[in-house]
Each structure stands twice: as C-alpha cells, then as structure tokens.
Amino acid sequence: MIDELLDKLEKVRSTGRDKWVACCPVHRDKNPSMRVSEKDGRVLCHCFACGANGLDVVKALALPASVLFDKPLEQGYIPKRMVEEIELDRLVIRMAEEDKKRGKPLSYNDFNRLRVAKNRIMAYEERFSEQNSLNKMYTA
C-alpha cells in the first residue's frame with residue numbers, strides 16, 4: 001500500500017514512524033513540500049504548497065485510489081470529508097467565476113487553488129462514474 005506510493009515519489013525522507021515528506025507530483029515540486037503518513041489503514045497526503053490531497057497525488061502518479069487504503073471501500077460509500085471537499089471546491093470555483101464576471105483578476109495563489117479545485121472535482125467525477133459503471137456491471 002504505502003510502499004507502492006512512496007516508490008513513485010521523489011526525494012522521500014522519513015520524518016518519524018509512518019511519516020514521510022516528499023516532492024509533490026501534482027505541481028512538480030523541486031523541494032519536499034508534501035507530507036505523507038499512514039494511519040488506521042489509510043495513506044494520508046497533504047501538500048503544503050498546492051493543497052493537493054491523496055486523490056490528487058495518486059492521479060498525478062497514474063496510480064489507483066486503492067493504494068490509499070488497506071481494505072477496499074464499500075461500494076457507494078462517500079467519506080464525509082470528501083463531500084466537504086467537493087462543496088468547498090465548488091464554492092472556490094463559483095467565487096472565481098464571480099470575480100471573472102466582475103473583471104477582477106485572480107492572484108497567483110487563487111489561480112492555483114482554482115486549478116486544484118477543478119482537478120479534484122474531475123477526479124471525484126471520474127471515480128464516481130467508474131463506480132457507477134462497475135455497479136451496473138455487477139447488478140446486471
């Protein structure tokens with residue numbers, strides 16, 4: 001699980017038991033800015049530079065989301081945090097669209113946050129469409 005992910009990351013360094021720092025593959029980091037840890041059968045990732053999470057990281061590395069979990073998730077289960085992230089990302093996108101309508105340019109940080117929000121929503125949509133396709137195959 002964690003080894004498959006760590007093997008694909010660059011400049012990985014242990015910072016303690018089940019904790020590492022590495023370069024973020026989402027924004028092609030030069031210096032380690034991403035924290036990776038393993039807790040309760042889950043791999044947790046957070047990039048302090050671009051805000052990327054585990055799903056963003058595995059997508060950038062072309063790995064399946066299953067490498068983030070010890071056990072497969074129940075079909076149809078959507079973690080509460082994921083729902084909250086989707087809602088926040090949609091809010092970020094709406095705010096950026098409103099600023100664009102008003103002619104207000106996005107700052108560099110806002111542009112990067114908007115990009116992360118759009119990428120994360122795309123990843124969620126792909127994941128759920130794959131789940132729905134699998135559900136249809138197994139229930140038919």
Side-chain angles (χ1 to χ4, degrees):
M1 176 172 95
I2 187 87
D3 294 330
E4 189 175 353
L5 178 65
L6 293 175
D7 287 344
K8 296 251 184 180
L9 296 173
E10 295 181 14
K11 296 186 182 179
V12 178
R13 188 180 78 237
S14 176
T15 60
R17 185 172 183 223
D18 298 328
K19 295 179 183 178
W20 300 265
V21 292
C23 291
C24 177
V26 175
H27 71 276
R28 294 192 172 80
D29 229 352
K30 299 260 189 276
N31 297 306
S33 64
M34 182 176 66
R35 185 189 70 203
V36 180
S37 60
E38 189 172 25
K39 183 178 180 182
D40 300 328
R42 297 180 299 162
V43 175
L44 306 172
C45 302
H46 178 74
C47 177
F48 290 95
C50 73
N53 66 19
L55 287 175
D56 301 323
V57 171
V58 295
K59 183 175 181 180
L61 295 172
L63 290 170
S66 60
V67 301
L68 299 173
F69 305 97
D70 236 355
K71 297 181 257 180
L73 293 174
E74 296 174 23
Q75 283 188 343
Y77 172 75
I78 303 172
K80 181 181 177 186
R81 179 173 175 189
M82 190 180 291
V83 172
E84 291 170 351
E85 285 179 348
I86 291 170
E87 290 173 0
L88 179 61
D89 287 339
R90 286 184 176 149
L91 177 62
V92 166
I93 292 168
R94 280 196 308 268
M95 290 173 65
E97 288 170 350
E98 287 297 318
D99 284 349
K100 186 177 178 180
K101 283 180 189 175
R102 293 185 188 119
K104 181 182 174 190
L106 291 177
S107 70
Y108 178 77
N109 288 338
D110 289 343
F111 176 78
N112 283 332
R113 179 62 182 96
L114 176 63
R115 184 175 48 84
V116 168
K118 287 180 176 182
N119 288 340
R120 192 166 24 215
I121 286 177
M122 277 187 352
Y124 290 152
E125 288 173 351
E126 287 173 17
R127 177 179 175 196
F128 295 130
S129 69
E130 287 172 12
Q131 270 187 349
N132 288 337
S133 298
L134 288 174
N135 288 343
K136 288 177 186 173
M137 282 176 36
Y138 291 116
T139 57

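Clustering ILVMFWY residues whenever any of their side-chain heavy atoms sit less than 4.5 angstrom apart, transitively, puts Y124 in the very cluster that holds V26. No single ILVMFWY cluster, assembled from side-chain heavy atoms under 4.5 Å apart, contains both L44 and L61. A continuous path of ILVMFWY side-chain contacts below 4.5 Å connects L5 to F69, so both sit in one hydrophobic cluster. Linking ILVMFWY residues whenever their side-chain heavy atoms come closer than 4.5 Å, directly or via other members, places V12 and M34 in the same cluster.
Salt bridge annotation for D89-R113: present, with a cationic side-chain nitrogen under 4.0 angstrom from a carboxylate oxygen.
Partners of S37 by side-chain hydrogen bond (donor to acceptor under 3.5 Å, both in side chains), not counting sequence neighbours: none found. Under the rule for a ring pair (Phe, Tyr, Trp, His ring centres under 6.0 Å), the partners of F48 that lie at least two apart in sequence or sit in another chain are H46. Remark: P32 engages K11, V21, C23 in a side-chain contact (heavy atoms from CB on, under 4.5 Å) (not counting sequence neighbours). With sequence neighbours left out, M95 forms a side-chain contact (heavy atoms from CB on, under 4.5 Å) with L91. Qualifying side-chain hydrogen bond (donor to acceptor under 3.5 Å, both in side chains) partners for R115, counting only residues two or more places apart in sequence or in other chains: N112.
A ring pair (Phe, Tyr, Trp, His ring centres under 6.0 Å) check over residues 88-109, counting only residues at least two apart or in different chains, returns nothing. Among pairs with a residue in residues 21-36, those fulfilling side-chain hydrogen bond (donor to acceptor under 3.5 Å, both in side chains) read H27-D29, D29-S33, at least two apart in sequence or across chains. Counting only residues at least two apart or in different chains, salt bridge (charged side-chain N to carboxylate O under 4.0 Å, His left out) contacts with residues 37-47 are absent. Residue pairs meeting the salt bridge (charged side-chain N to carboxylate O under 4.0 Å, His left out) criterion with at least one member in residues 54-67, sequence neighbours excluded, are D56-R120, K59-E126.
Shortest non-hydrogen contact noted between C50 and V116 is O-CG2, 3.1 Å.
Using a 4.5 Å heavy-atom cutoff, the side chains of L55 and L68 are in contact. Annotation: side chain of E4 is in contact with side chain of L63 (closest heavy-atom distance under 4.5 Å). L6 places a side-chain heavy atom less than 4.5 Å from the side chain of W20. Using a 4.5 Å heavy-atom threshold, the side chains of V43 and V67 count as separate. Contact check for V57 versus N53: no side-chain heavy atoms found under the 4.5 Å cut-off.
How far CG of N109 is from CG of L114: 12.5 Å, rounded to the nearest 0.5 Å.
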Take K19 and V36 through the side-chain contact (heavy atoms from CB on, under 4.5 Å) test and state the conclusion after the steps. CA-CA 6 Å; K19 295 179 183 178; V36 180; over 6 Å; no
Result block: side-chain N/O donor-acceptor pairs under 3.5 angstrom for residues 100-107, not counting sequence neighbours:
from: S107; atom 1: OG; to: D110; atom 2: N; distance (Å): 3.0
from: S107; atom 1: OG; to: D110; atom 2: OD2; distance (Å): 3.2

